[in-house]
There are 2 protein chains.
Amino acid sequence: MQLKSPLSRANLSDIAANAIRDLIVDGDLAAGERLNEVRLSERLGVSRTPLREALNRLVAEGALIARPKLGYSVKPLCREEFDQIYDLRPILDPAALKAAGFPSTEQLKRLRKINAKLASARNPAAAIDLDDEWHAALTEHCPNKALLDMIETVTRRTRRYEIALMREAPTIGLATTHHQDVLDALEQGRLDDACAALKENLEYGKAPIMAWLEARQTEARKTA
Amino acid sequence: MQLKSPLSRANLSDIAANAIRDLIVDGDLAAGERLNEVRLSERLGVSRTPLREALNRLVAEGALIARPKLGYSVKPLCREEFDQIYDLRPILDPAALKAAGFPSTEQLKRLRKINAKLASARNPAAAIDLDDEWHAALTEHCPNKALLDMIETVTRRTRRYEIALMREAPTIGLATTHHQDVLDALEQGRLDDACAALKENLEYGKAPIMAWLEARQTEARKTA
DNA sequence: TTTTTCTATATTGTATACAGTATGCAGCTA
DNA sequence: TAGCTGCATACTGTATACAATATAGAAAAA
């Protein structure tokens with residue numbers, strides 16, 4: 001029998017990785033900032049050993065960059081990177097939906113409920129979470145867990161950009177009608193149409209962030 | 001200016017990671033085997049610190065499993081895992097080809113040359129390498145480098161299975177005709193057909209390994 | 001003044017020591 | 001004999017000390 005929950009087994013490197021991830025998302029560690037291992041370990045209250053394990057994990061996640069002998073730095077927000085990573089979602093998500101097949105009645109009901117909440121959301125941060133929740137719920141029964149993992153990885157990497165935009169220019173995109181289209185198609189037994197609508201939804205979501213990143217880049221060029 | 005080549009900067013954890021990867025592929029570390037950090041560090045001639053960094057990297061790559069307090073073990077060959085990971089390639093590769101567009105004349109020539117070598121290969125290990133080389137060359141001009149990275153990751157994970165099959169039952173699949181179909185379609189300006197043929201090729205390549213894994217599993221059940 | 005070189009310092013890479021947890025075995029109980 | 005309990009051992013998780021490298025600043029040369 002397993003009495004202790006897996007959570008209670010968390011070791012310091014897990015805790016450190018989560019903490020640093022939050023620091024990056026919250027902007028406490030700025031994009032491009034170089035990290036000092038000693039100072040960061042003191043700040044987090046762990047020694048350098050578990051800290052470095054955490055840093056390596058975040059490098060694998062694509063949140064940090066490691067340069068030999070020069071240490072770790074927060075990966076800067078980069079138009080090309082976002083462009084490429086985000087393009088993976090219109091490839092992966094429809095494939096996952098196709099493999100998942102039609103949702104159950106309860107699942108559909110839940111999806112409509114999430115979408116309704118999203119439609120009435122006034123808080124941009126909540127809107128991002130709800131959108132993620134909707135997409136996760138849509139494909140949750142996909143039998144290919146490796147594909148779902150991949151989508152989650154991509155989502156995590158793009159979320160940083162979404163949150164960064166939200167901070168500088170809080171706007172709520174209206175993805176709810178696209179979501180509606182997907183759910184309608186599913187309800188009417190048109191799986192391929194649903195996949196196509198999902199693809200459209202995801203391509204649509206890219207535009208505002210790309211526009212912001214481009215404006216940001218132009219501005220940076222002017223300053224320099 | 002950068003005088004030292006990046007290679008000379010390799011640190012011990014890189015070296016250890018590569019060495020362990022080879023040990024796994026070569027079967028020196030058996031699937032499922034639990035690793036002893038002290039013994040492995042002595043064997044590789046590095047201390048536990050860089051060894052553990054290497055082990056963590058291999059966990060991220062999907063070659064090892066880490067269990068808190070129980071250490072690291074070689075991920076066992078698993079039918080479900082292969083099934084799911086391999087299914088990603090017919091999703092990812094055609095998307096990369098579509099984004100890459102038509103190859104140049106020289107590129108086509110090179111692709112035909114690799115395929116000819118593959119057709120006359122008698123060594124299964126060489127055939128695996130040539131097949132990988134062909135697929136990499138096909139999509140190399142895809143502008144989405146994140147997508148290519150993802151394909152490379154998937155390829156690395158499935159290679160272990162290909163090599164394992166090759167060891168136990170050395171056979172050479174005849175993917176060359178499929179490759180031919182892809183190249184013909186490209187030469188004739190039919191990009192969508194080429195993507196479809198590529199998808200078929202990749203789906204075809206899955207079958208022999210799946211059959212072997214299933215036979216293996218059935219056998220294991222009989223023994224138990 | 002500007003550039004270059006040298007040196008002191010700061011920082012990362014690695015080894016090792018110690019602490020806490022799992023594991024297997026001996027002995028005990030039923 | 002079967003199953004449990006407690007202990008000794010082995011192993012992983014973490015901290016820390018040391019070595020090697022990068023970096024910034026002062027002094028010297030142009």
Side-chain angles (χ1 to χ4, degrees), chain A residues 1-21 23-24 28-30 32-61 63-76, chain B residues 1-21 23-24 28-30 32-61 63-76:
Chain A
M1 203 208 291
Q2 186 164 336
L3 281 174
K4 284 191 180 179
S5 78
L7 276 171
S8 74
R9 296 195 158 208
N11 46 21
L12 292 185
S13 50
D14 291 324
I15 296 168
N18 292 332
I20 297 166
R21 211 181 285 116
L23 288 175
I24 293 171
D28 289 342
L29 295 175
E33 182 174 344
R34 207 160 143 187
L35 305 180
N36 181 304
E37 293 180 12
V38 175
R39 274 201 292 276
L40 190 54
S41 70
E42 282 164 0
R43 181 173 176 181
L44 298 178
V46 302
S47 77
R48 279 179 63 216
T49 308
L51 172 68
R52 281 174 62 97
E53 289 200 1
L55 294 174
N56 281 320
R57 207 168 314 166
L58 292 166
V59 169
E61 285 180 19
L64 297 181
I65 294 174
R67 281 178 305 172
K69 312 276 185 202
L70 303 178
Y72 301 82
S73 53
V74 181
K75 190 184 270 188
Chain B
M1 206 207 288
Q2 187 164 332
L3 281 175
K4 285 190 180 181
S5 79
L7 275 171
S8 74
R9 295 196 158 206
N11 47 19
L12 292 186
S13 50
D14 290 325
I15 295 169
N18 292 331
I20 298 166
R21 211 181 283 117
L23 289 175
I24 293 171
D28 290 343
L29 295 175
E33 182 174 344
R34 209 161 141 186
L35 305 181
N36 182 304
E37 293 180 11
V38 175
R39 276 202 292 277
L40 190 55
S41 70
E42 282 165 359
R43 182 173 176 182
L44 298 178
V46 302
S47 78
R48 279 179 62 215
T49 308
L51 173 68
R52 281 175 62 97
E53 289 199 1
L55 294 174
N56 282 321
R57 208 167 313 165
L58 292 166
V59 169
E61 285 180 20
L64 297 180
I65 294 175
R67 283 179 304 171
K69 312 275 186 203
L70 303 179
Y72 301 83
S73 53
V74 181
K75 189 183 270 189

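In the text below, chain A, chain B and the rest are named by the order of the sequence lines, each starting its count at 1.
As a whole-Å value, the separation of A:Asn11 CG from C:dG20 C1' is 13 Å. The interatomic distance linking A:Leu51 (CG) with C:dG13 (C1') rounds to 14 Å, in whole Å. When rounded to the nearest whole Å, the span between CD1 of B:Ile15 and P of C:dG13 equals 13 Å. As rounded to whole Å, 12 Å separates atom P of C:dT21 from atom CG of A:Leu12. Between the CD atom of B:Glu53 and the P atom of C:dT12 there is a distance of 13 Å, rounded to whole Å. To the nearest angstrom, C1' of D:dC11 lies 11 Å from NZ of B:Lys69. Residue B:Arg52 contributes atom CZ, which lies 14 Å from atom C1' of C:dA15 at whole-angstrom precision. If you take CG of A:Leu55 and P of C:dT12, they are 9 Å apart, rounded to a whole angstrom.
Listed pair A:Arg48 / D:dT16 fails the phosphate criterion, with no side-chain N or O lying under 4.0 Å from OP1 or OP2. Under 4.0 angstrom from either OP1 or OP2 of C:dA15 there lies at least one side-chain N or O belonging to B:Ser47.
With values rounded to the nearest 0.5 angstrom, B:Glu42 atom CD is found 11.5 Å from B:Ser47 atom OG.
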Verdict with reasoning, A:Tyr72 to A:Arg34, per side-chain contact (heavy atoms from CB on, under 4.5 Å): CA-CA 6 Å; A:Tyr72 301 82; A:Arg34 207 160 143 187; over 6 Å; no
Steps toward side-chain contact (heavy atoms from CB on, under 4.5 Å) verdict (B:Asp14, B:Glu53): CA-CA 9 Å; B:Asp14 290 325; B:Glu53 289 199 1; over 6 Å; no
Criterion side-chain contact (heavy atoms from CB on, under 4.5 Å) on B:Leu55 and B:Leu40, from CA distance to verdict: CA-CA 11 Å; B:Leu55 294 174; B:Leu40 190 55; 4.3 Å; yes
Working for side-chain contact (heavy atoms from CB on, under 4.5 Å), residues B:Leu29 and B:Ile20: CA-CA 8 Å; B:Leu29 295 175; B:Ile20 298 166; 4.1 Å; yes
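Contacts of B:Ile15 classified as side-chain contact (heavy atoms from CB on, under 4.5 Å), with partners at least two apart in sequence or in another chain: B:Leu12. Residues that satisfy the side-chain contact (heavy atoms from CB on, under 4.5 Å) test with B:Asp28, not counting sequence neighbours, are B:Leu23, B:Asp26, B:Arg43.
Listed by residue number, A:Arg34 are the residues of residues 32-42 of chain A with a heavy-atom contact under 4.0 Å to DNA chain D.
At a cut-off of 3.5 angstrom, the base of D:dT16 holds at least one donor-acceptor pair with the side chain of A:Thr49.
Comparing D:dT23, D:dT21, C:dA15 by their closest approach to the side chain of A:Leu70 singles out D:dT23.
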